[in-house]
Amino acid sequence: MSAPKREHVMPPRPLMPWTMSLCAGLCVSCVLVLNVAADAMLGEQTSAVGPLVVISVAASLCMVLARSCERLVLWKRWLYAAAIGLLTGSIVSAWWAVGALSATKALDGRAASSLEFVVQGDPSINDGTYSYTCETCVDGRCLGEVRLSCDRELGAGSHVRVIGRVSRFENDAYGRSRVLRGEVRKVKAVRIVSVDEGSPGPLLRLRNGLLASIAPATDPARALIAGVVCGRSAELRAQPAGDWFSVTGTAHLIAVSGSHLAIVGFVIEGVLQKTRCSRGLQRAILAITLVGYAAFTGASPSAVRACCMVFATLVVNGAGRRRHGASALFVTMSIFVLLRPTVLFEMGFQLSCASVFAILCFCPYATYALSELGVPSGFASMLSVTLCSQLATLPITIPAFGIFSLIAPLSNVVIGPVVSLLLAVSIVLVLFSLVAPLQAWALVVPMIVARCALFFEQLFAAVPGASVSVPPDSMWIYLVPCFLGILLVWWPRPQARPMAAGLVCLALLVGIPYIYWDRFAPPSVTVLDVGQADAILVRQGGAVALVDCGLDERVVSALVRNNVHHIDAVFVTHWDEDHWGGLPDVLDQFSVGTIVVAADALDGAPAEVLNRPGVTYRQVACGDTVDIGAFRTRVMWPFDTVDGEGNEDSLVLLLSYAQEGKSLRVLLTGDAELDQEREFVQEVGDIDVLKLGHHGSKVSVDTDLLGTLKPELSIASAGEGNRYGHPSDACIDAVKEAGGAFACTIEHGDITVLPTAKGFAMRCQRP
């Protein structure tokens with residue numbers, strides 16, 4: 001007789017503890033007060049009265065409701081906890097803010113050479129520059145944390161003296177994020193005077209020794225081992241392999257968190273069970289070992305949070321009480337915020353807490369729902385963990401990275417066990433690399449497993465559509481937590497057929513627009529609004545090209561809002577930064593096939609855009625043509641080879657479209673000016689649209705030139721309030737005198753031109 005079919009049990013709705021209200025009050029008040037302090041440190045004139053009044057009123061209201069409203073008697077503990085959290089959080093954060101403001105006053109006007117910097121952790125590496133969080137000391141007195149940038153690697157705990165400049169962070173997204181994390185000023189080291197490694201503790205000496213033997217900078221597999229075992233991922237993120245983890249949504253596998261501690265605990269517990277130690281002694285040894293491992297890996301917020309939760313679970317189990325994961329999470333979060341309120345703005349802490357909360361609350365329900373759809377239970381368990389954590393962290397990851405990984409559920413199921421195996425074998429074998437006779441073979445097995453993990457990472461990252469770029473300001477990402485909140489209150493029993501129908505509708509809702517823009521986009525030329533810079537998008541069907549890349553990461557946002565998923569070719573007209581500055585970000589976020597420049601201009605290309613894996617480089621001369629779908633792109637200028645440094649070297653392209661009774665001729669002039677344009681204007685002849693050169697400067701066009709080209713529409717790309725006064729009145733007047741229409745990205749945002757049977761149509765982002 002066959003075994004009876006196992007019935008799936010509907011999970012109960014999770015119980016939310018009153019500590020959740022306490023933690024929420026702490027977080028809200030700390031966020032309000034710390035943002036006011038950040039404004040002051042960034043040079044903005046703000047008042048702290050408003051946030052303090054809001055906090056006081058909210059706390060008082062919670063107290064009054066808890067004492068007087070009989071209908072809320074069941075919520076009395078929650079209301080009291082919220083009030084206590086609001087008041088306590090405001091006191092703690094105000095105390096920190098006063099200390100930070102006094103530190104800024106002490107640092108302002110002080111020479112960097114008079115200070116001593118103590119390195120607090122691992123660096124972040126960007127284009128050969130190492131950035132560290134450092135404690136600043138003078139005469140043995142600590143002033144506060146700063147961000148130190150230099151050109152060499154420094155060990156954690158090192159005491160450094162430099163010659164450089166202490167300055168205030170810029171009041172932008174990056175500067176505010178650094179200040180909110182507790183770094184009151186930034187220091188640019190021109191020259192390092194002295195480095196004192198000091199006397200590191202045994203754990204730090206062990207970590208430094210292992211990192212030296214692993215040598216993470218020499219190989220991606222070694223960098224992965226260093227990230228998984230030692231918690232140092234700077235070298236991996238600085239290599240192309242680091243991007244694979246972002247594309248596949250598996251970056252969390254590197255960060256030391258609860259899964260790492262669980263594997264380490266499993267290995268240690270297996271060893272302890274071979275001994276005759278009592279159960280209580282085994283728990284104590286396990287707790288001490290996990291605390292040591294968290295410290296060994298750099299004591300990141302996610303590692304410490306996981307360690308605290310494990311420790312709380314061990315204590316509860318030892319006391320014979322029923323454990324409750326949500327209670328442990330919120331108590332741990334509250335302790336973190338009380339000890340260091342700026343931890344709220346550290347992404348590692350945010351991701352760790354949000355994902356753990358989602359897994360604790362929704363993972364059993366998701367597993368049950370997937371099982372109802374016929375998914376095998378083991379696969380359903382792994383898949384539900386990934387789905388819950390990915391959805392819950394969308395409001396954090398999308399604004400930070402602008403990428404949503406579609407392949408993350410599958411890649412986590414496949415790569416997760418491989419990384420777990422890598423950690424398990426590495427914590428046993430890597431230690432032998434410290435012994436000279438064993439160093440040659442100690443890393444053999446970990447290297448094999450690491451290369452296997454990297455193979456799958458590269459394989460999944462190369463899948464077309466593995467990830468999609470999402471505008472950081474997309475509102476829908478905030479609807480996901482709202483949906484999860486509703487699910488937490490209303491716990492319906494999932495049914496297979498409605499779920500399957502809903503998933504099909506969701507797939508169609510997401511998939512049809514993606515397929516349409518990726519393969520069937522209508523022919524169009526779009527002048528993107530990227531500020532005082534140039535970026536022009538040309539597409540037809542599945543062919544996509546970008547002419548110039550703006551100045552910075554704004555080009556990525558512009559491409560995302562225009563539903564671009566890949567780029568076949570990028571034309572760089574010349575090497576002014578407002579034409580190529582965003583290219584590194586484009587290469588990081590999109591799959592790019594070819595970079596096209598003028599003949600011999602590749603020799604002057606910035607290092608950031610060269611030697612990119614999978615990218616080919618092409619140089620074109622006058623008369624060469626490049627097809628972009630049905631668009632024929634012809635090079636009109638320069639006539640000779642150039643170095644691409646000056647405006648006169650700009651690549652000028654004539655776009656021609658003629659298909660199905662529709663036609664369009666567009667001239668893209670880069671930063672070319674009248675002297676260059678007069679050389680080729682007769683050959684170009686009559687056009688429909690002119691992309692004005694040099695952002696519409698007074699030397700970009702004149703009446704004679706416009707009389708030859710006869711453009712019906714002239715477009716300028718410029719930034720609002722730019723110091724050059726672009727577009728110039730002379731340029732605008734010349735266009736109007738020639739009888740053509742004028743449009744500028746300052747007023748209209750992205751400007752799109754589409755061929756029609758009667759000419760062309762113009763569509764603007766802003767009417």
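We use all heavy atoms of the structure for the numbers below, so side chains are in, but hydrogens, waters and symmetry mates are not.
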Could you check whether any side-chain N or O of Ser29 sits under 3.5 Å from a backbone N or O of Leu86, counting only pairs where one atom can act as donor and the other as acceptor? yes
Which atom names give the shortest non-hydrogen contact between Met41 and Arg185, and what distance separates them? O-NH1, 3.2 Å
Between Pro409 and Leu387, the two heavy atoms sitting closest are CG-CD2, 3.7 Å
For the pair Gln589 (side chain) and Glu553 (backbone), establish whether a donor and an acceptor sit closer than 3.5 Å, ignoring hydrogens and angles. no
For salt bridge (Lys or Arg N to Asp or Glu O under 4.0 Å), just list the numbers for Arg340 and Glu145, CA-CA rounded to whole Å, side-chain angles, deciding distance to a tenth of an Å, and then say yes or no. CA-CA 13 Å; Arg340 188 167 178 264; Glu145 290 184 351; 3.5 Å; yes
Is there a donor-acceptor pair under 3.5 Å between the side chain of Thr386 and the backbone N or O of Asn412? no
Decide salt bridge (Lys or Arg N to Asp or Glu O under 4.0 Å) for Glu235 and Arg232; before the verdict, give the C-alpha distance in whole Å, the side-chain angles of both, and the deciding distance to 0.1 Å. CA-CA 8 Å; Glu235 285 79 9; Arg232 180 179 171 114; 2.8 Å; yes
Heavy-atom closest contact (Ser384 atom, Ser381 atom, distance): OG-O, 2.8 Å
Would a 4.5 Å heavy-atom cut-off, applied to side chains only, mark Val146 and Val166 as touching? no
Are the side chains of Pro14 and Leu488 in touch, meaning some heavy atoms are under 4.5 Å apart? yes
So how far is it from Leu329 CG to Leu360 CG, rounded to the nearest 0.5 Å? 6.5 Å
Is there a side-chain contact between His159 and Cys134 (heavy atoms, below 4.5 Å)? no
Tell me if the CZ atom of Phe483 is crowded by more than 12 foreign heavy atoms within 6.0 Å. no
Please check: side-chain N/O of Gln350 versus main-chain N/O of Leu344, any donor-acceptor pairing under 3.5 Å? yes
Answer whether the closest heavy-atom distance between the side chains of Ser177 and Phe169 falls below 4.5 Å. no
Nearest 0.5 Å, what's the CG-OG distance between Leu32 and Ser90? 10.0 Å
Would the number of heavy atoms belonging to other residues, nucleotides or ligands and lying under 6.0 Å from CZ of Arg165 be above 12? no
Taking the side chain from Tyr368 and the backbone from Pro11, do they hold a donor-acceptor pair closer than 3.5 Å? no
The reported gap from SG in Cys388 to CD1 in Ile359 (rounded to nearest 0.5 angstrom) is 7.0 Å
Please report the shortest heavy-atom distance between Ile477 and Leu394, naming the atom on each side. CD1-O, 4.1 Å
Value rounded to 0.5 Å, distance of CZ in Arg493 from CE in Met10: 5.5 Å
Side chain to side chain contact (heavy atoms under 4.5 Å, CB included) between Tyr132 and Cys150, worked out: CA-CA 9 Å; Tyr132 301 86; Cys150 62; 3.9 Å; yes
Any side-chain heavy atom of His252 sitting closer than 4.5 Å to one from Thr397? no
Tell me the closest heavy-atom pair linking Gly43 and Arg168, and the distance in Å. CA-NH1, 3.5 Å
Heavy-atom check, side chain of Arg147 versus side chain of Arg181, under 4.5 Å: no
Return the orientation label for the Phe404 and Trp476 ring planes: parallel under 30°, perpendicular over 60°, tilted otherwise. perpendicular
When every non-hydrogen atom of Ala112 is compared with those of Phe117, the smallest separation belongs to O-CE1, 3.9 Å
Side chain to side chain contact (heavy atoms under 4.5 Å, CB included) between Leu26 and Phe336: does it pass, once the steps are laid out? CA-CA 10 Å; Leu26 282 170; Phe336 268 64; over 6 Å; no
How many angstroms lie between CG in Leu143 and NZ in Lys105, if you round to the nearest 0.5 Å? 14.0 Å
Heavy-atom side-chain proximity of Val530 to Leu551 below 4.5 angstrom: no
Before you tell me yes or no, could you show the steps for Arg554 and Asp529 under side chain to side chain contact (heavy atoms under 4.5 Å, CB included), namely the whole-Å CA-CA distance, both residues' side-chain angles and the distance that decides it to 0.1 Å? CA-CA 9 Å; Arg554 279 179 288 185; Asp529 181 15; over 6 Å; no
Could you tell me whether the side chain of Val184 reaches within less than 4.5 Å of the side chain of Thr136, counting heavy atoms only? no
Value for CZ (Phe330) from SG (Cys353), rounded to nearest 0.5 Å, stands at 9.0 Å
Residue Trp95 excluded, over 12 heavy atoms near CH2 under 6.0 Å: no
Chi angles and distances behind the side chain to side chain contact (heavy atoms under 4.5 Å, CB included) call for Gln390, Ser405: CA-CA 9 Å; Gln390 187 181 22; Ser405 177; 4.1 Å; yes
Polar side-chain atom of Trp96 near backbone of Cys30 as donor-acceptor pair, under 3.5 Å: no
